[in-house]
Amino acid sequence: MQEQGKPDNFIEKNIIEDISSGLNKGRVQVRFPPQPNGYLHIGHAKAICLNFGLASRFEGHCNLRFDDTNPLREKQEYVDSIQEDIRWLGFEWDQLCFASDYFDQFHDWAVQLIGQGDAYVCDLTAEEVREYRGGLKEPGRDSPHRDRTIEENLRLFALMKGGEFPDGSKTLRARIDMASPHIIMRDPVMYRILRSTHHRTGDDWCIYPTYDWAHGQGDAIEGVTHSLCSLEFTNHRPLYEWFLDKIGLEDGPRQTEFARLALSYTVMSKRSLRTLIEDGHVEGWDDPRLPTLSGMRRRGYTPESIRSFMNGIGVAKFNSTIEYSVLENSIRDHLNKIAPRRMAVFNPLKLVIENFPEDLQEMVEAVNNPEDSESGTRQLPFERELWVDRDDFRLEPPRKWRRLAPGAEVRLRYGYCVTVQDVIQNSETGEVEELRCVYDPETARGQTPDGRKVRGIIHWVPASCCIELPVRLYSPLFVVPDPDHVPEGKQLADLLAPGSLEETTALCEPSLQEANPGDRFQLERVGYFIADQHLSCPGAPHFARIVPLRDSWAKQEKRQADSRS
RNA sequence: UACCCGGUGGUGUAAUUGGCAACACAACUGGUUUUGGUCCAGUCAUUCGAGGUUCGAGUCCUCGCCGGGUAGCCA
């Protein structure tokens, strides 16, 4: 769309150059090519935002293509969840494609390569292939079957396809160069014999193409111009181009690599995610502590926040790790604008206003969202007995404390200012049980008639009609910033944070009772919460913390404590 | 070091292609505020190192140093 604008990254820069040089007649086509062997995670979202974003920026096309060349690992369940996640993120593909749709074409091209002397049937076992391949510093050796005649290769390949040989007994290999310094070019396997029911082609095939033999060809069939992939495929690019060249395609797709996303304090590899799920450390693929898109959706992340996160982190070839705070910032930023505010007390302490009439319930007006003037106001019952948060009271207040303390005055948000008169403590344990206060009737609606400044403002709920609701508090799953690198002698599970899921309850203002599953709120001074979609029932919400609010006081206090010790 | 890729603040990404190192996050300082939230202002890098070309180098050249990837019939 904005071809005139500045490129956001090196890939857009390349495409702008390609367009101006007339490559592919200025056409831009990309694709998102997941293997349906797991659920999508935030790392995939980077590729999704990149590819679909490119298509819309350059008025091109972006297909969703499932790279389903290995029936051993792939399932329809994953095909479905991947589509759901992409749509949830806010993108729609031009065409829904499957590599398996091209199996006939791949086969015909393989026959063509055999005919050209560019591929041969090899009888070596997997282990023998590895031995013959050589090492990083030593060249490989030719397979003893490398020089079979074209006719023999054609005959054997037909037999392979016809199911005449057992699994793994033969492969079709490209005939390139066993001494190549690029190990990937040492006669890579194109087809393996594999009897496994494919989720789309059933038992039609007993030979399946490898990634290298399928990917570039799939790109070419669809008319992809720019084939983006992650850095670990850089080594494969010569092979990608070799196959395209041997097939004889002109103006084919070009592969460009970029660094995949890494996030601190989380794991992204499918292997690690699977371990967490299968070993029961989390509740499933959509556990809200996981970076899977289904997990983040359940956690309360919005598609907008993920997209803006992706815009912020950029695209490059450098292998980097994004700090978790960047992600948190993006969801806070969006929720700040759209989430209605409510009040809830997590760690209740009774506050009694001694000079407030016993039977009075005064309705006070509370703003629903100061960032959104459309969101209106609501009424809150203010009364003699309230609950406040225990963390907002200190018997011996530290420096710069602005909240409740003996003799201190604070404002109860949207209500009146109160001054602590007496602190009732348990005679044996000394535990604070109740705060006896007096209020100033002249301080309604944020007023202070004498103009005095009341710095502290705390949240509260009415004791008579608040409701206790279950709440889950999530925190990072891992204690180390880089859990994808497990130290020697340790396991992934050793790096898990013990309290990443805390189940508790909160005393909530009455309106929260009607929250619907999926509703998001800011609980003032605490954080953003969502009524969990699995755990909530109509009329009985079960909340979960999406992300805490920034807390500069906690930071300051921690700093003071650190400098003292 | 067999080949490939990369190196710009604490973390990421930019820099009109050789012309004042910018933006975001983090951190810190102050201001505003009926959320210690939000918002606003300010502080925080001479670009891995050494040479070279040039009026001028993050950008070009040379030599180093450091990091990542590749030896699946996974993708």
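Throughout, a chain's letter reflects where its sequence line sits, starting with A, and its residues are numbered from 1.
Summarising the geometry of A:Leu172 relative to A:Met160, their closest heavy-atom pair is N-CE, 3.9 Å, with the distance given to 0.1 Å. In terms of heavy atoms, A:Leu228 sits closest to A:Phe258 at CB-CE2, 4.0 Å.
In the set B:U34, B:G36, B:G6, the nucleotide with an atom closest to the side chain of A:Trp401 is B:G36. Checking B:A2, B:C28, B:A75 against the side-chain heavy atoms of A:Leu136 singles out B:A2 as nearest. For A:Arg550, the listed nucleotide lying nearest its side chain is B:A26; candidates were B:U70, B:A26, B:C3. The A:Val189 side chain lies nearest to B:C73 when the options are B:C73, B:G37, B:U35. Proximity note for A:Val129 (side chain, C-beta onward) versus B:U34, B:U70, B:C73: the nearest is B:C73. Side chain of A:Gln35, nearest nucleotide from B:U13, B:U38, B:A75: B:A75. Candidate nucleotides B:U34, B:A27, B:A75 were compared by shortest atom distance to the side chain of A:Arg192, and B:A75 ranks first. Of the candidates B:G36, B:C73, B:C4, the closest approach to any side-chain atom of A:Ala126 belongs to B:C73. Which of B:G7, B:U38, B:C73 sits closest to the side chain of A:Thr171 comes down to B:C73.
Rounded to whole Å, the P atom of B:A71 lies 28 Å from the corresponding atom of B:A14.
Within 4.0 Å of A:Asn9, counting heavy atoms only, lie sugar-phosphate atoms of the nucleic acid but no base atom. Within the nucleic acid shown, A:Arg341 comes within 4.0 Å of at least one base atom, counting heavy atoms only. No contact: A:His215 has no heavy atom under 4.0 Å from any strand. No contact: A:Pro139 has no heavy atom under 4.0 Å from any strand. Contacts of A:Phe318 with the nucleic acid, taken as non-hydrogen atoms under 4.0 Å apart, involve only primed sugar atoms and P, OP1 or OP2. Residue A:Arg403 is classed as a base contact, given a heavy-atom separation below 4.0 Å to a base. As judged by a 4.0 angstrom heavy-atom cut-off over every strand, A:Gly312 is placed among residues making no nucleic acid contact. At a threshold of 4.0 angstrom between heavy atoms, the contacts of A:Leu549 include nucleobase atoms, whether or not backbone atoms are also involved. Within the 4.0 angstrom heavy-atom criterion, no nucleotide atom of any strand lies near A:Val526. Counting non-hydrogen atoms under 4.0 angstrom, A:Phe233 reaches a base of the nucleic acid. Within the nucleic acid shown, A:Leu263 has no heavy atom closer than 4.0 Å to any nucleic acid atom.
No option in A:Arg520, A:Arg307, A:Glu304 other than A:Glu304 meets the side chain to side chain contact (heavy atoms under 4.5 Å, CB included) test with A:His334. Partner of A:Arg254 under the side chain to side chain donor-acceptor pair (under 3.5 Å) criterion, out of A:Asp18, A:Asn14, A:Asp219: A:Asp18 alone. The ring pair (Phe, Tyr, Trp, His ring centres under 6.0 Å) with A:Phe66 is formed by just one residue from the set A:Phe98, A:Tyr102, A:Tyr78; it is A:Phe98. The residue from A:Arg402, A:Arg411, A:Arg403 that alone fulfils the salt bridge (Lys or Arg N to Asp or Glu O under 4.0 Å) condition with A:Asp392 is A:Arg403.
Classification of B:U13 as anti follows from a glycosidic angle more than 90° from 0. The glycosidic torsion of B:G72 lies within 90° of 0, placing the base in the syn range.
Classification of A:Arg175 and A:Asp187 as a salt-bridged pair fails, no side-chain N sitting under 4.0 Å from a carboxylate O. For the pair A:Glu524 and A:Arg342, the salt-bridge criterion is not met [side-chain N within less than 4.0 Å of a carboxylate O].
Taking the six-membered ring for Trp, A:Trp460 and A:Phe382 have ring centres closer than 6.0 Å.
Both A:Asp333 and A:Glu138 sit near RNA chain B, but only A:Glu138 has its closest nucleotide nearer the 5' end. Where A:Asn336 and A:Pro181 meet RNA chain B, the nucleotide closest to each residue was compared, and A:Pro181 sits on the side nearer the 5' end.
In this entry the distance linking CH2 of A:Trp213 with C1' of B:A75 reads 17 Å, nearest Å. Distance CZ (A:Phe10) to C1' (B:U8): 17 Å, rounded to an integer number of Å. B:G69 atom P lies 15 Å from atom NZ of A:Lys317, rounded to whole Å. Across the protein-nucleic acid pair, A:Lys337 atom NZ and B:C39 atom P stand 8 Å apart, rounded to whole Å. Put simply, CD1 on A:Ile338 is 15 Å from C1' on B:U38, counting in whole angstrom units. Rounded to whole angstrom, the span from the CZ atom of A:Arg402 across to the P atom of B:U34 amounts to 12 Å. Computed from coordinates, the A:Gln217 CD to B:A75 C1' distance equals 15 Å when rounded to whole Å. Spacing between atom CD1 of A:Ile183 and atom P of B:G69 amounts to 14 Å, rounded to whole angstrom units.
For B:U34, neither phosphate oxygen OP1 nor OP2 lies less than 4.0 angstrom from any side-chain nitrogen or oxygen of A:Arg455. The phosphate of B:G72 (OP1 or OP2) has a side-chain N or O of A:Arg130 nearer than 4.0 angstrom. Phosphate proximity of B:G72 to A:Arg133: present, with a side-chain N or O under 4.0 Å from OP1 or OP2. Distances shorter than 4.0 Å separate some side-chain N or O of A:Lys555 from OP1 or OP2 on B:A27. OP1 or OP2 of B:A15 has at least one side-chain nitrogen or oxygen of A:Lys13 nearer than 4.0 Å. Put simply, A:Arg525 has a side-chain N or O that comes within less than 4.0 Å of OP1 or OP2 on B:G36.
The stretch residues 64-79 of chain A comes close to RNA chain B through A:Asp67, A:Thr69, A:Asn70, A:Arg73, each having a heavy atom under 4.0 Å from the strand. RNA chain B is contacted by A:Asn319, A:Ser320, A:Thr321, A:Ile322, A:Glu323, A:Ser325, A:Val326, A:Asn329 of residues 319-330 of chain A, taking any non-hydrogen atom closer than 4.0 Å.
Between A:His236 and A:Phe233, the ring planes are perpendicular. Angles over 60° get that label, and only those under 30° would be called parallel. Below 30°, between 30° and 60°, or above 60°: for A:His198 and A:Tyr208 the angle between ring planes is below 30°, a parallel geometry.
With A:Ser330 contributing its side chain and A:Ser305 its backbone, the two residues share a donor-acceptor pair below 3.5 Å. Distance alone, capped at 3.5 Å, is enough to place a donor-acceptor pair between the A:Ser375 side chain and the A:Asn369 backbone.
Between A:Trp553 and B:G36, a base-stacking contact is recorded: ring centres under 5.5 Å apart, planes less than 30° from parallel.
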